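Presented below is the structure to which this report refers.
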Amino acid sequence: MRKRLFGLLLVCCMVVLSLAACKKANDEKFYIGGIGPLTEGAAVYGTHVYWGAQIAVDEINEAGGINGALIEFKFEDDVHDPEKAVNAYNSLKDWGMKILMGTVTTKPCIAVAEETKADNMFQLTPSGSSPDCIKYDNAFQVCFTDPNQGSASAKYIGEKGLASKIAVIYNSSDSYSSGIYETFAKEAENQPFEIVAAEAFTDDNKSDFSVQLQKAKEAGAELVFLPIYAQEASLLLTQAEARDYKPIFFGCDGLDGILTIENFDTSLAEGVMLLTPFAADATDEKTQSFVKKFKDAHGEIPNQFAADAYDAIYIIKAAIEKAGVKPDMSISDMCDKLVKVMTEISVDGLTGAGMTWEATGEVNKAPMAVVIKDGTYVSAE
Amino acid sequence: MTETWRKFSKSTRINTITVGIIILIYVLCQIMISAGMMSYLMKGLLMQFCYYGILAVSLNLTVGILGELSLGHAGFMCIGAFTSAFFSKYMVDIIKNTFLRFSLAIIIGAVSAAVFGVIIGVVVLRVRGDYLAIVTLAFGEIVKNVINALHIGFDSRGFHIALEAGKLELLEGGRMIIDGSQGIIGTPRDSTFTIGVIFLILTYIIIANLINSRSGRAIMAIRDNRIAAESVGIDITKFKILAFTISATLAGVAGVIYSHNITTLESSKFGYNMSIMILVFVVLGGIGNIRGSMIAAVILTLLPEYLRFLKNYRMLIYAVVLIVMMIFNWSPACINWRKEHSIKGAVCRLTKKISKTKKEA
């Protein structure tokens, strides 16, 4: 009896708390929410998106806001889990969010897209790369879709003649990784190189890559394509070094962030190439000021995710200005107006000049390869 | 009124109270939702309370009543989730009636989980104790990894199954249903809070009745003393498999509700972390205490969400709270303290005092 009473009491307290948390949104500011993993395995992406977006928000607010209205920005953790992402989305809605900049990772993004569709909320994902993330009209992307990344990588390797024998090591239990591998393999048929080994691993045994590396080495691969995340890649590179196997390693945007992995000897990543639209060493003023601000605030070099998020905030700003949206509009009205102008605007950002959008939500910008040199990302051209 | 109430057996009274509480909370929630008083977060969480509640109650049957440690409960949930989502996704254009489609989905999910429950039960229940825990753990991982590798699609020629995406070779107009690690995307969102609550109550009634039935007593006899149970002629294998299968079936139902509440379904979600989480619900709520596991499921689902303001320290605090709650609930010193300071005890003492003074007067 007592225990039940205690339990009930706790539940009641929490219900009351949840009510107390209900706040009417301020009508004078733009409430923009962000969702991404800030803890556990994929935290490096979420954290950089959070920091990158925060810099953009601070810049805009310092300059007087959008059409005179300031931005209020809040970022919630989703632990890279669809269920938690939807919870985060709901809790942001309680806070008063009217525009969503997120989510960072693909799977949660697909689940949240369903929610934004139901609420007709404008959604711009900085890095959710599956086509399913943007299958509804209200969602747009800043990054490339997975299929594009796979085929763009294959084309890049083919055109530059980087290698003739290629091995692929990918995570078959991860949708991002297997998605890229599939399109890469398809495009490879049209390219002048040959895939000599395609080795898979899963989330459950992603710490030992000796078998995969051995096979790649035996097959004589000159280039190993790694459509995987940085955490695994850091282990893989360490193990490749240990067995004295030194091919070219080529990855996609998931490899971005490898230099900030803890306890990873960054000299091992020397010469690793990755297809990403952002290089922190670019000499243009915009990138340099962004990198400087990021470094001063957090002591790390921003990766592509941070740049995507920074751009995302400016893209939202451009769309709001073009559409003449006011902060006191309803979520749905705001969304309708923003969606309409998304195909009309063109934004010069860190991750590409003159970015434009299709009605499908896909972005048009040129892919670029960077190579890691002396511990930083340098453009490969 | 009190007379008829007293006539019921103690277990009937407890069960009625519990179901009453669930219905009361449900009605309260509905009123709050229609009055627009409920936060979006709570609205989203209500469904999760239901399926985690069902999972906790069903695992309590294996762990608390049957007395066997199972670490593969998420595996059964996974089977229920995937078979039903597969069905719903395939049938979404064929059966337009949501109620009919979802009813069939629940039956399919429950039956397939039950079938696996029997198959696994026959094999697994030959071992006991720690060994059983390890075998169930392995089972959960097998289910997860097999589904992770499955690619199933269909076109005009029928269904195609492959272990590699490229080998499916669907014709023009064909559709992929289970896409390996990407799982099932786009399951229709058929489950609602009402359905969730109905199944939570159903689960409670099924388990509560089982415990108080002849079979339930047999199952508990096996738990308490296997040799004694065997010597009085209880068919141990039969009752073990019975309990195990019911537990698996209900987990399958929870899986169905889960998969129809969120549009993306991936097998990696159902790893041993999930199984352990359900076990934590059961242990915190009290092994063998059905109502307790429901309350624990609700609290432990709420907690991480309400600790969001702590940012990255959230999970750390969550762990600390978990330890504190475990100690508060189960340490003998705390139990004694609670006995001395309980509201019920205070009320009892007060009334006793009053009646005493009355008598003296």
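Each chain gets a letter, A, B and so on, in the order the sequences are listed, and its residues count up from 1. Quantities reported herein were computed from a predicted structural model and do not represent experimental measurements.
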TODO: Report yes or no: does N329(B) contribute a side-chain atom to a donor-acceptor pair with the main-chain N or O of L284(B) at less than 3.5 Å?
DONE: yes
Open item on the list: Suppose we screen for ring-ring contact (aromatic ring centres under 6.0 Å, His included). Which residues come up paired with Y51(B), at least two apart in sequence or across chains?
Closed with: Y258(B)
Task: Residue list, ring-ring contact (aromatic ring centres under 6.0 Å, His included) with F139(B), at least two apart or on another chain - done: F76(B)
For [X], is it the side chain, the backbone, both, or neither that has a heavy atom closer than 4.5 Å to a heavy atom of chain B?
X	answer
Y89(A)	neither
K186(A)	neither
A113(A)	neither
S172(A)	backbone
D77(A)	both
D81(A)	side chain

Pick one of side chain, backbone, both or neither for [X], based on which atoms fall under 4.5 Å of a heavy atom in chain A.
X	value
N145(B)	side chain
L28(B)	neither
K269(B)	side chain

For [X] and [Y], test the side chains for any donor-to-acceptor distance below 3.5 angstrom and give the result as yes or no.
X	Y	result
N90(A)	E305(B)	no
Y176(A)	N171(A)	no
Y50(A)	Q54(A)	no

TODO: Run the ring-centre check on Y170(A) versus F184(A) and record whether the distance is less than 6.0 Å.
DONE: no
- [ ] Identify which of K84(A), E83(A), K93(A), E114(A) forms the greatest number of heavy-atom pairs closer than 4.5 Å to chain B.
- [x] E83(A)
